Amino acid sequence: KIALRMKHAELSGALQRWRENAAEWGRVAAETRRMAGVMTKIARRMRNAKVAGVFGLWSQNVSESRRMVAVLTKIALRIKNVQVAGAFQRWRENVSEIRRMETVMSKIASRMRNLELAGGFQRWSENVA
């Protein structure tokens, strides 16, 4: 009987230590799962940080490209406006020259008419006298 009790006590102790160890292993397994989840989140954040960095760089490049297009558009408009202004100035100069030439031609035609009139008057006065 005593030997049986010792054997049962020994088995009971072993069972108790197994239960304690099993509980500890369960806590260790739960902690391991929790740490795996934390590590997964950290890895995801690192990966997302890289993606966010690349996206940020792309966004900056798009903004810079748009700014450059706007600047180049302004430059092109200035060049175009300079060309238009130059053409308008040349047109004004041409109109002014045409008006000056019309005035000169009008004076020449008037002198020619006056010469014809003077010649006719001269002949008339010679015929009358």
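Note: hydrogens, waters and symmetry copies are ignored here, and every other heavy atom, side chains too, is used. Since this is a predicted model, take the numbers as computed values, not measurements.
- For R17, the side-chain contact (heavy atoms from CB on, under 4.5 Å) partners two or more places apart in sequence, or in a different chain, are A14.
- Taking the side-chain contact (heavy atoms from CB on, under 4.5 Å) definition, one finds that Q16 meets it with R19, E20, sequence neighbours left out.
- For R123, the salt bridge (charged side-chain N to carboxylate O under 4.0 Å, His left out) test picks out no residue, with sequence neighbours left out.
- Here the CE atom belonging to M68 is positioned 13.0 Å from the OG atom belonging to S63, to the nearest 0.5 angstrom.
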Might you work through the salt bridge (Lys or Arg N to Asp or Glu O under 4.0 Å) test for E24 and R27, ending with a clear yes or no?
CA-CA 5 Å; E24 180 63 26; R27 286 191 294 275; 2.7 Å; yes
Would you give me the side-chain donor-acceptor pairs under 3.5 Å for residues 36-49, sequence neighbours excluded?
residue	atom	partner	partner atom	Å
T40	OG1	A36	O	2.8
N48	ND2	R44	O	3.4

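- Checked against side-chain contact (heavy atoms from CB on, under 4.5 Å), E31 has the following partners two or more places apart in sequence or in another chain: R34, M35.
- To the nearest 0.5 Å, atom CG of residue N127 and atom CD of residue Q122 are 10.0 Å apart.
- Pairs engaging residues 19-38 under the ring pair (Phe, Tyr, Trp, His ring centres under 6.0 Å) rule: none recorded [sequence neighbours left out].
- Annotation for W58: hydrophobic cluster partners, listed by chain and number, are F55, V62 (ILVMFWY side-chain heavy atoms under 4.5 Å, direct or chained).
- Looking at residues two or more places apart in sequence or on another chain, you find a side-chain hydrogen bond (donor to acceptor under 3.5 Å, both in side chains) between E64 and R67.
- Counting Ile, Leu, Val, Met, Phe, Trp and Tyr side chains that sit under 4.5 Å apart, directly or through other members, L15 shares a hydrophobic cluster with W18.
- Of the possible polar contacts, none joining the S110 side chain to the S106 backbone as a donor-acceptor pair under 3.5 Å is found.
- L57 is linked by a side-chain contact (heavy atoms from CB on, under 4.5 Å) to Q60, N61, counting only residues two or more places apart in sequence or in another chain.
- Within the structure, the ring pair (Phe, Tyr, Trp, His ring centres under 6.0 Å) test picks out the following pairs touching residues 103-122 (sequence neighbours left out): F121-W124.
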Report, one line per pair, each donor and acceptor closer than 3.5 Å where one atom sits in a side chain of residues 81-97; sequence neighbours left out.
residue	atom	partner	partner atom	Å
N81	ND2	L77	O	3.3
Q89	NE2	E93	OE2	3.4
R90	NH1	G86	O	3.3
N94	ND2	R90	O	3.4
E97	OE1	R100	NE	3.3
E97	OE2	R100	NH2	2.8

